[in-house]
Engineer: 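Take a look at the following structure, please.
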Amino acid sequence: MTMNFFRGVMGGQPAGPQPTGAETIHKLCDRVASSTLLEDRRDAVRALKSLSKKYRLEVGTQAMDHLVHILQTDRSDSEILGYALDTLYNIICNDEEEEQDENAQKQEEDLGVLFTDKFLGDSENVTLLLTLLEEFDFHVRWPGVKLLTALLKNQCNQVQGVILVSPMGVSRLMDLLADSREVIRNDGLLLLQQLTKGNAAIQKIVAFENAFERLLDIITEEGSSDGGIVVEDCLLLLVNLLRNNSSNQNFFKEGSYIQRMKPWFEVGDDNSGWSAQKVTNLHLMLQLVRVMVSPVNSPGATSSCQKSMYQCGLLQQLCTILMATGVPADILTETINTVSEVIRGSQINQDYFASVNAPSNPPRPAIVVLLMSMVNERQPFVLRCAVLYCFQCFLYKNQKGQGEIVATLLPSTIDANSISAGQLLCGGLFSADSLSNWCAAVALAHALQDNLTQKEQLLRVQLATSLGKPPVSLLQQCTNILSQGDKIDRRAKSEKGSKVQTRVGLLMLLCTWISNCPIAVTHFLHNQENVPFLTGQISENLGEDERLVQGLCALLLGICIYYNDNSLENYTKEKLKQLIEKRIGKENFVEKLGFVTKHELYSRAAQKPQPVFPSPEQMLFDHEFTKLVKELEGVITKAVHKTSEEEKKEEEVKKTLEQHDSIVIQYKDLIRDQDTQIQELREQVSTLSLNSEQMHNQITQQQSQIQQHKDQYNILKLKLGKDSQGLSSSQGEGAHVNGLHSEELSQLREEVEELRRQHTLQHTQLSDKDSLINTLRCGAAAAAQTTEGGAGGSDNTELLREVESLRSRVQAQCAEISQLQTERQELIRRAEAVSSAPASSSESSADTVKLSELESRLAAQTTETERLKEECRGLREGHAGLEQQLASAQSTVAIEQTEKTKLQQEVQESKKEQDDLLMLLADQDQKILNLKQRLRDLGETIDEDEDELDTRDQFGEDDDDDDEEDEENND
């Protein structure tokens, strides 16, 4: 029965009417829902897959829930899972067929979004799909990847949110890049492209899942720029991960991945016959470099990447492509744009670019070769725009480069045998091609941007217009072309190549040139024809195209008023304002001035530095010029409306402010000097405190050593007492000895001399003790010099007590030694008396032995006595020296105390003087605030940030003074 049913569905010829597609799909859905056999369900899902493209609406409406249920319950059968995933992909994916008309395509997209919303109605479905991607079976994993990609295309944000909160969701998708089957890996790249669009959080997770390493490895394996579409997909994913994501950009740079980009741009001598895929790949590689150094990135990150690109040789490799032959035009254009942003604002990169020469004979600087393309009207428009951008980036924040460009225009540096950048710019400025005029004018304006020196230098440039006529200045020639262009435009409105673009370029150049340069303003006003020309242009009622020129003329005239130093009597500020009021009207003047910022092309140019225009006719405004207009529009409007009295008051207030500012600066410098002195004194005090602590430690160590020597001395003293007792007993025995031989007495005396030598040795040891005492005294003196307050006095007192204690002990020992000397003299006297008596012949051998023992004891006692005598003499001498040194130390302490008191008085006087200066500074600040309030009342704009900064500086310095006073009090 089941087979008959499927034969009817799949192409059999049963009798009776054929069921419709919806009826067949309904029966198949019932079979999927009710069949208990896996084979039946599998056949039904396979049939639904075959019908899902033709009957997309019916299958999606009736079968989606059943297919999701299959994914949940039949996980063990990979075949039915693959059929279900393929069916879901067919009903959700929008097939992009070229032969479909727009309405049919729109219906297909609406159906895809409808079924996507239905599938995403339960967020668990996406989680289920992520789980299925862990299956290694090809028939499950591949359709799962395609289905998730289709869901992301239709509802990107919603799917991204589910994947972001799913545990290990992004990690599972990153595993696709490691799949050995290329078709799954490649579709995984497409999936990650959709996943990372516009979601910084997912971009960071993907990057930290080692995406950069894997993608760069794939690019290398596939052949880099010579690779196929897989390389393109990897590059697109890298661009997604890095664009506008500072965290990933820093991770890419810190991981040394910039260095791995260098081999991509290695080109050979023969660059003919590039394939379309290679052009696409290299274009994306250049875009990836630009993403890392884009002007919209933070300045710090951009500068760091620019430095890395120079150090690893990537910039040098790009310059090689720039000067190579046979490179396709679009790649050359993108390379120029890339080099532009790599050198923009980086002095070392700009210097290197200035040194690059083209491989010509003779060699020419790369800048000159590029400028030749810019002023050549036969070159492609996008290429000329790229060269202009490169020249602007070369001069951006590069005063050295600006000076080199202007120098090529000065008479002293012109070389008739070579073409310079200045000559090319002048040639483009005065050529018949309006686009060349505009590009040259903007390029020359960038050579003057924020550089007063070069603005003044450019006034020296003289041009020879024709034979037999005197040369005219570059400034005068620009105004001549303006007036001539106006006449030409009036005679030939319909003629191709209107000069509006030329006039706009020249006006932008003149405004940039004379802004913030009073000398240039004076030169401009010195020509009697310039002011009448400007007023005539502004006052006329012209068409829509001419209103922009009128606005720029109003801006130029306003700059002449605002930066006028009143050196020309006929064109002072007041007379120019009167002229505007009489011939133009102030309101009309302001209205014409405001038209510049309201222009559509002005807003477009203000968005980013790169000059990107759909057509040459729309190339009217420069990005840096829009900043200048925004800065000057308000101040010019105020300057025109001010009366002469307000001007005078403003001048007086400015002079007063300048005077007060100079006074405040002087006081600030004085306070800073005093802060420096106080800081130095603090450092000295800190050093002295550290030295004092070290001395205390040394004294402690020396006291410990002295105590050890005292203990040793007490042990010797105890031993001496025992020897004395033995000597007394020997004398009692000696009284009964009857006579000593003279030879024995001589031997006894020799032994006494030996004891004396030993005494000398003991004296040397006593001298070592004296050295230790001297060291202790020196440490006490140093501590007295560096210790402040009562602490130093306490240490000196302790040292004196210790010395007195040693003195008393030495005196006691001296008394004891004197007693021993007396006993020794008595012993010698008795020995001599014994030796004078007659010798007895009947003396026994026992008496002889006793006499020998007595002599040896006597010799030992005599030696010890002599040693103690010498030691006593040395202690007396050391005692006297110690008393003298102690007196010297006390005197030094008194001197240092006096110097410390004097230093504290100087610090107090310095503090008092600083407080007086702070009071004066506060008074001056109050006067300044009052004057600035008067300026505000008069309508003058005051920079509040500067006020806040000065206030913070003042309060910050006061706080520092308070902190210093607290620290000194604590000390």
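This is a predicted model, so every value here is computed, not measured.
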Engineer: Is the Lys NZ or Arg CZ of K262 less than 6.0 Å from the centre of W264's six-membered ring, within 45° of the axis?
Structural biologist: no
Engineer: Quick one about T597 and K630 (side-chain donor to acceptor, distance below 3.5 Å, no hydrogens or angles considered), yes or no?
Structural biologist: no
Engineer: Report the residue from Q449, K627, Q392 that forms a side-chain hydrogen bond (donor to acceptor under 3.5 Å, both in side chains) with D622.
Structural biologist: Q392
Engineer: Please check if any side-chain donor atom of Q399 sits under 3.5 Å from a side-chain acceptor atom of D450, or the reverse.
Structural biologist: no
Engineer: Taking only residues two or more places apart in sequence, or in another chain, which ones meet E600 in a salt bridge (charged side-chain N to carboxylate O under 4.0 Å, His left out)?
Structural biologist: R604
Engineer: Tabulate below the donor-acceptor pairs under 3.5 Å that side-chain atoms of residues 290-297 make, not counting sequence neighbours, or state none.
Structural biologist:
unit_1, atom_1, unit_2, atom_2, d
R290, NE, E341, OE1, 3.3
R290, NH1, E334, OE2, 3.0
R290, NH2, E341, OE2, 3.0
R290, NH2, Q610, OE1, 2.7
S294, OG, V296, N, 3.4
N297, ND2, Q249, OE1, 3.4
N297, ND2, V291, O, 2.9
N297, ND2, M292, O, 3.4

Engineer: What side-chain donor-acceptor pairs closer than 3.5 Å can you find for residues 207-217, not counting sequence neighbours?
Structural biologist:
unit_1, atom_1, unit_2, atom_2, d
E209, OE2, S171, OG, 2.7
E213, OE1, Y257, OH, 3.4
E213, OE2, R260, NH1, 3.1
R214, NH1, M174, O, 2.7
D217, OD1, R260, NH2, 2.9

Engineer: Would you tell me whether R384 and S436 have side-chain atoms, one donor and one acceptor, within less than 3.5 Å of each other?
Structural biologist: yes
Engineer: Not counting sequence neighbours, which residues clear ring pair (Phe, Tyr, Trp, His ring centres under 6.0 Å) with F381? List them please.
Structural biologist: none
Engineer: Are side-chain N/O atoms of N94 and N154 paired as donor and acceptor at under 3.5 Å?
Structural biologist: yes
Engineer: Tell me, with the steps shown, if N451 and Q402 meet side-chain hydrogen bond (donor to acceptor under 3.5 Å, both in side chains).
Structural biologist: CA-CA 8 Å; N451 195 327; Q402 290 175 324; 2.8 Å; yes
Engineer: Between D187 (side chain only) and W142 (backbone N and O only), is there a donor and an acceptor less than 3.5 Å apart?
Structural biologist: no
Engineer: Which residues satisfy the side-chain contact (heavy atoms from CB on, under 4.5 Å) test with S298, sequence neighbours excluded?
Structural biologist: A301
Engineer: Where does the angle between the aromatic ring planes of F394 and F391 fall among parallel (under 30°), tilted (30 to 60°) and perpendicular (over 60°)?
Structural biologist: tilted
Engineer: Please list, chain by chain and in numerical order, all residues satisfying side-chain contact (heavy atoms from CB on, under 4.5 Å) with K197, sequence neighbours excluded.
Structural biologist: Q194, N240
Engineer: Quick one: pull up CE in M508 and NE2 in H446 and give me the separation to the nearest 0.5 Å.
Structural biologist: 8.5 Å
